[in-house]
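What you see below is based on every heavy atom in this structure, not just the backbone, and it leaves out hydrogens, waters and symmetry mates.
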Amino acid sequence: MQPARGPIRWSILAVLVGFLPITVFFSFYETLAPWTVWVPWIILALLNPWLEEFYWRGLLLDFTRSWKPFWAILYVSLFFSFNHAVFGLYSEVNQGPEVITVTLILGMIWGWTYHKTGSLRWCLLGHFLVDLFNLSVPAFLDLFEKTPMW
C-alpha cells in the first residue's frame with residue numbers, strides 16, 4: 001500500500017475505468033431499495049477489492065515478477081477474467097463473452113498500473129468503483145434483466 005511511483009497516468013487510468021459501469025448504476029439503482037440488498041452491496045464493494053487486488057495483483061503478479069511484464073500481466077488477467085466468468089453460471093447478467101472481455105481489460109489495466117506504480121492504492125480504488133457501480137449484489141441475485149450491449 002505504498003505511495004504510487006512512476007507516471008501518474010496509470011493511477012488515473014486505474015480509477016477512470018472504475019467509472020465504466022456507472023450507466024448500470026443509474027439504470028438499475030432502484031434494485032437497491034430493500035436493505036437486504038443495499039447492505040450486502042456496500043459490504044461487497046468495500047471488502048471485495050481488497051481481497052481480489054491483494055490476490056490477483058499483489059500475490060500473483062509478485063509471484064511472476066521474474067517473467068516479462070506483459071506475459072505475467074496477461075497470465076494473471078486471464079485467470080482473473082475466467083474466475084469472473086464462473087459467476088455467469090448462477091447469474092444471467094454475468095454471462096457471456098462481454099464479462100470475460102471486460103474483466104480481462106480491467107485486469108490488464110490494473111496489472112499494468114501495479115507494475116508501473118508499485119502500488120495497489122489506485123487499483124483498489126478503481127476496483128471499488130467497479131464493484132459499487134456495477135451493482136454486483138443485485139446482479140448476483142438476478143434482480144434485473146440483462147440488456148443487450150449492442
Trainee: Among residues at least two apart in sequence or on other chains, which ones pass side-chain contact (heavy atoms from CB on, under 4.5 Å) with Pro69?
Mentor: Trp112, His115
Trainee: For the atom pair CZ (Arg57) and CG (Leu124), what is the distance rounded to the nearest 0.5 Å?
Mentor: 9.5 Å
Trainee: So do the side chains of Val130 and Leu106 get within less than 4.5 Å of each other, counting heavy atoms only?
Mentor: yes
Trainee: What is the ring orientation for Phe25 with Phe133, classed by angle as parallel under 30°, tilted 30 to 60°, or perpendicular over 60°?
Mentor: perpendicular
Trainee: To the nearest 0.5 Å, how far apart are CG in Leu32 and OH in Tyr29?
Mentor: 10.5 Å
Trainee: Ignoring hydrogens and geometry, is there a side-chain-to-backbone donor-acceptor pair from Ser81 to Ile100 under 3.5 Å?
Mentor: yes
Trainee: Is there a side-chain contact between Phe26 and Thr23 in this structure, where contact means two heavy atoms from C-beta onward sitting under 4.5 Å apart?
Mentor: no
Trainee: If the condition is side-chain hydrogen bond (donor to acceptor under 3.5 Å, both in side chains), which residues does Thr117 pass it with, not counting sequence neighbours?
Mentor: none
Trainee: Considering all heavy atoms of both residues, which atom of Leu135 and which atom of Val24 are nearest to each other, and what is their separation?
Mentor: CD1-O, 3.8 Å
Trainee: Applying ring pair (Phe, Tyr, Trp, His ring centres under 6.0 Å), name anything that partners Phe128, two or more places apart in sequence or on another chain.
Mentor: none
Trainee: Rounded to the nearest 0.5 Å, what separates atom CD1 in Ile73 from atom CD1 in Ile109?
Mentor: 11.5 Å
Trainee: Quick one: ring pair (Phe, Tyr, Trp, His ring centres under 6.0 Å) partners of Phe79, sequence neighbours excluded?
Mentor: Tyr75
Trainee: Under the side-chain contact (heavy atoms from CB on, under 4.5 Å) criterion, do Phe70 and Met108 qualify, and how do the steps go?
Mentor: CA-CA 9 Å; Phe70 173 80; Met108 293 291 291; 4.1 Å; yes
Trainee: Please determine whether residues Ile22 and Ile12 belong to a single hydrophobic cluster, defined as Ile, Leu, Val, Met, Phe, Trp and Tyr linked transitively by side-chain heavy-atom distances below 4.5 Å.
Mentor: no
Trainee: Linking Ile, Leu, Val, Met, Phe, Trp and Tyr by side-chain heavy atoms under 4.5 Å, what else ends up with Leu51?
Mentor: none
Trainee: Just how far is it from atom CH2 of Trp56 to atom SG of Cys123, taken to the nearest 0.5 Å?
Mentor: 14.5 Å
Trainee: For a quick test of reading the model, state the closest non-hydrogen atom pair linking Ser11 to Ala4 and the distance between them.
Mentor: OG-CB, 3.8 Å
Trainee: Any donor-acceptor pair under 3.5 Å linking the side chain of Trp110 with the backbone of Ala14?
Mentor: yes
Trainee: Could you tabulate the donor-acceptor pairs under 3.5 Å formed by side-chain atoms of residues 58-66, not counting sequence neighbours?
Mentor:
residue, atom, partner, partner atom, Å
Asp62, OD1, Arg65, NH2, 3.0
Asp62, OD1, Tyr114, OH, 2.8
Asp62, OD2, Tyr114, OH, 3.1
Thr64, OG1, Leu60, O, 3.1
Thr64, OG1, Leu61, O, 3.2

Trainee: For Val99 versus His84, what's the shortest heavy-atom pair and its separation?
Mentor: CG1-O, 4.1 Å
Trainee: With side-chain contact (heavy atoms from CB on, under 4.5 Å) as the test, would you mind laying out the steps for Ile42 and Leu132 before giving the verdict?
Mentor: CA-CA 7 Å; Ile42 293 293; Leu132 186 72; 4.3 Å; yes
Trainee: Might you point out which heavy atoms bring Thr31 and Phe28 nearest each other, and give the distance in Å?
Mentor: OG1-O, 2.8 Å
Trainee: Please examine the side chains of Arg121 and Leu125, heavy atoms only from C-beta on, and report whether any two atoms are closer than 4.5 Å.
Mentor: no
Trainee: Could you please spell out the steps behind the side-chain contact (heavy atoms from CB on, under 4.5 Å) verdict for Thr103 and Phe82?
Mentor: CA-CA 8 Å; Thr103 53; Phe82 294 145; over 6 Å; no
Trainee: Return the minimal non-hydrogen interatomic distance between Asn48 and His127, and the atom names on each side.
Mentor: ND2-NE2, 3.5 Å
Trainee: Identify whether Leu16 and Ile8 are in the same connected component of the hydrophobic contact network (ILVMFWY, side-chain heavy atoms under 4.5 Å).
Mentor: yes
